[in-house]
Each structure stands twice: as C-alpha cells, then as structure tokens.
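Each remark here refers to the structure printed beneath this line.
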Amino acid sequence: MVTATFRFYEELNEFLAPERRRHEFACSCARAATTKHMIEALGVPHTEVELVLVNGESVGFDRLVEHGDRVAVFPRFEMIDVTPVLRVREHPLRVTHFLADAHLGGLAHLLRMAGFDTLYDNNFQDSEIEIIAARDSRIVLTRDRELLKRRSITHGCFVHTLKPPQQLCEIFDRLDLAGSVRPFTLCLHCNAPLRPIEKAQALSRLPPSVRERFDHFSTCDLCQRVFWEGSHWHRMRAMLDTCIDQTSGQNTGDS
C-alpha cells in the first residue's frame, strides 16, 4: 500500500476535513494515483492549486504518488512570481475573462459593473461551462467544487462568500483586480461594451423624470438599454470604491 504525507496551505485548508487542516497528515493512496487524483480526492479542486511540491521539488498534476512522498500543495501566489517553478499549468492565473455558473448571477452583474468580461446564463449546464471555459480561456466562478474538478477546466475560483458584494471583494482580493477596474464600460445585462450616446438620440428610451434631470448617457448596441448616473449608479459606485479600498489595503499591507 502506498502511503504519502500531505500538507495544504492557506485557504486550501477550507476544503479539507477539519482534522486535516493546517498540519501534515498521512494518507493511503490508490494504486497509480497522481497528485491531481489525490488532491481532488481530499476535496480540493485542482483549479485552486498553483504549486505542488513533492519532496521539495515542483511537479505537475500527472506525477504518480509514491510511498513515503511528502506532498505540499499551495494556492495562488499573488505577491510572488512562481513562474520559474510552476509545473501544474503553463502560466499563472492572470486572464480576467470570467464565466459564472447559474448560482452567481449577482456576482456576474457586479463584475460587469467593474468592467470585467463575465459570461453568465442561469441555464448553463456544467458541460456547457466546461466547453466554453476551455474554448475561451475563461476563469470559472462557482460554489460547486465538483465543477472545478472537471479535467478541461484549468482556471477557476471556488467562491466562499454568499452575498454578491462580499463575493466581489473576495474575487478582487484573490485575483488582485483592484488596479484593473474599468467601471461602467460593459452592459450589466448582456456583457457588451457601452458607448456614449447623445441625449437627443436617447430621448425616446428615457423616462420623463430622467429626461429632465440628466444629460449624459451611454448605451448598449446589443440590447439597446440606456444608462445614466442616477441613484443606482451612485450606490454601485460607492460599493465598488469600498471594495477597491479594502482589497488594495490588504494587498499592500496597509489593512
């Protein structure tokens, strides 16, 4: 029987059984088990992993676990470039095109508000998500760890928090997105780019109260919606600014 010692670091511990968190533990392994097989058998989706060390050496997910191996598993490194020792995928996670599953419509809405290309449809099946993510190199966002274990999904985030504003801050923090926001450049409803539109061109699509109070507008050419800086805009802007301030402080050590 093959027995190896495992140690998971930082937020990866949240996927483990309580008795296995934050310390080394021995585990019996299936015959010819790879590091990916064992990591996921212990409950951690492979998309959450950036670096695997076996006996101190960086290895890929296809490395067979041997008797007596000491396996250390690390999450993404935001402040340290680990590219020279990375083996589990070709490049660190830095592409910021997202695909949200059916349970994260609120988060998708807020990511679009912040300017991040985010596909979402509450009718997406897991198989469709897998195909689209692989085809378009999108980061899958989900609260379903089994979805992230699918082989062709190479980049993904398990979202731990439950409410959309907290979820947005969580993703900003984990992927260091605060410096990449482009607020109100995408349609909140269909993800297409927005463009400025003259008030005269938008009049027929505006409520009477809006015609009287506002002069600057943008529109989506796909769904034909018109947007302006009303109370909803200001609430969303304030929420985004709070999220940016919180996550920027954490990433610079100024919290």
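Side-chain atoms are counted along with the backbone in the values below, which use heavy atoms only and exclude waters and symmetry mates.
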For Pro207, all residues meeting side chain to side chain contact (heavy atoms under 4.5 Å, CB included), sequence neighbours excluded: Ser209, Val210, Trp228
Atom pair CE/OG of Met1 and Ser28 - distance to nearest 0.5 Å: 4.5 Å
Residue pair Glu128 / Asn123: nearest heavy atoms and the distance that separates them: OE1-O, 3.6 Å
Side-chain touch Asn122/His103, heavy atoms, less than 4.5 angstrom: no
All pairs passing salt bridge (charged side-chain N to carboxylate O under 4.0 Å, His left out) where residues 109-125 contributes a residue, at least two apart: Asp117-Arg138
Heavy-atom side-chain contact between Leu186 and Leu194 under 4.5 Å: no
Atom CZ of Arg182: over 12 foreign heavy atoms under 6.0 Å: no
Candidate list Glu50, Glu11, Arg174, test side-chain contact (heavy atoms from CB on, under 4.5 Å), partner Pro75, passing option: Glu11
Residues Glu10, Arg22: salt bridge by 4.0 Å N-O rule: no
Evaluation steps, salt bridge (Lys or Arg N to Asp or Glu O under 4.0 Å), between Asp62 and Lys36: CA-CA 7 Å; Asp62 58 351; Lys36 178 178 181 292; over 6 Å; no
Shared hydrophobic cluster, Leu188 / Ile197 (ILVMFWY, side-chain heavy atoms < 4.5 Å): no
With Tyr9 via ring-ring contact (aromatic ring centres under 6.0 Å, His included) - residues at least two apart: Phe74
Minimum side-chain heavy-atom gap Thr34-Phe61 below 4.5 Å: no
Nearest heavy-atom neighbours spanning Ala4 and Val65: CB-CG1, 3.6 Å
Between CZ on residue Arg63 and OG on residue Ser58, distance to nearest 0.5 Å: 11.5 Å
Side-chain heavy atoms of Arg145 within contact of Thr47, under 4.5 Å: no
Evaluation steps, side chain to side chain contact (heavy atoms under 4.5 Å, CB included), between Val52 and Val71: CA-CA 7 Å; Val52 179; Val71 184; 4.0 Å; yes
Where Ala133 and Leu99 come nearest, the two heavy atoms and their spacing: N-CD2, 3.9 Å
Aromatic contact, Phe8 with Phe15 (centres under 6.0 Å): no
Closest non-hydrogen atom pair between Cys29 and Ala33, with its separation: CB-CB, 4.5 Å
Residue pairs, two or more places apart or on separate chains, that pass salt bridge (charged side-chain N to carboxylate O under 4.0 Å, His left out) and touch residues 223-234: none
Any His109 side-chain heavy atom under 4.5 Å of Pro164 side chain: no
Note, Glu146 side chain near Asp144 side chain (heavy atom, < 4.5 Å): yes
Phe227: partners by ring-ring contact (aromatic ring centres under 6.0 Å, His included), with sequence neighbours left out: none
Test salt bridge (charged side-chain N to carboxylate O under 4.0 Å, His left out) applied to Arg70 - qualifying residues, sequence neighbours left out: Glu24
Listed once per pair and sorted, the ring pair (Phe, Tyr, Trp, His ring centres under 6.0 Å) pairs that draw on residues 118-142, sequence neighbours left out: none
Under 3.5 Å donor-acceptor, Arg21 side chain and Leu16 backbone: yes
Pairs meeting criterion salt bridge (charged side-chain N to carboxylate O under 4.0 Å, His left out) with involvement of residues 196-205, two or more places apart: Lys199-Asp215
Donor-acceptor pair, side chain of His46 and main chain of Thr154, under 3.5 angstrom: no
Evaluation steps, side chain to side chain contact (heavy atoms under 4.5 Å, CB included), between Leu206 and Val226: CA-CA 8 Å; Leu206 300 176; Val226 176; 3.7 Å; yes
For Ser231, all residues meeting side chain to side chain contact (heavy atoms under 4.5 Å, CB included), sequence neighbours excluded: Arg235
Heavy-atom side-chain contact between Leu53 and Val59 under 4.5 Å: no
Flag, side chain of Arg143 to backbone of Phe158, donor-acceptor distance under 3.5 Å: no
Thr219, Thr185, Asp221 screened by side-chain hydrogen bond (donor to acceptor under 3.5 Å, both in side chains) with Arg195, the one that passes: Asp221
Side chain to side chain contact (heavy atoms under 4.5 Å, CB included) involving Leu222 - partner list, sequence neighbours excluded: Cys190, Ala192, Cys220
In one Ile/Leu/Val/Met/Phe/Trp/Tyr side-chain cluster, 4.5 Å: Val54, Leu64: no
Leu177: which of Ile171, Thr247, Leu168 passes side-chain contact (heavy atoms from CB on, under 4.5 Å): Ile171
From CD1 (Ile153) to CD1 (Ile139), nearest 0.5 Å: 12.5 Å
Main-chain N/O of Gly60 paired to Thr35 side chain as donor or acceptor, under 3.5 Å: yes
Evaluation steps, side chain to side chain contact (heavy atoms under 4.5 Å, CB included), between Arg150 and Asp126: CA-CA 9 Å; Arg150 290 183 174 237; Asp126 286 359; 3.6 Å; yes
Side chain to side chain contact (heavy atoms under 4.5 Å, CB included) between Leu240 and Met113, worked out: CA-CA 9 Å; Leu240 179 60; Met113 179 265 292; 3.8 Å; yes
Smallest separation among heavy atoms of Glu48 and Cys157, with atom names: OE2-CA, 3.2 Å
CZ/Arg237: more than 12 non-hydrogen atoms of other groups inside 6.0 Å: yes
Partner residues of Thr161 under the side chain to side chain contact (heavy atoms under 4.5 Å, CB included) criterion, sequence neighbours left out: Val159, Gln166, Gln167, Glu170
Glu57 CD: over 12 foreign heavy atoms closer than 6.0 Å: no
Qualifying residues under ring-ring contact (aromatic ring centres under 6.0 Å, His included), relative to His232, sequence neighbours excluded: none
Centroid-centroid distance, Phe214 to His216, less than 6.0 Å: no
Residues Lys149, Glu40: salt bridge by 4.0 Å N-O rule: no
Non-hydrogen side-chain atoms of Phe25 and Leu42 separated by less than 4.5 Å: yes
Shortest non-hydrogen contact from Leu147 toward Val140: CD2-CG1, 4.0 Å
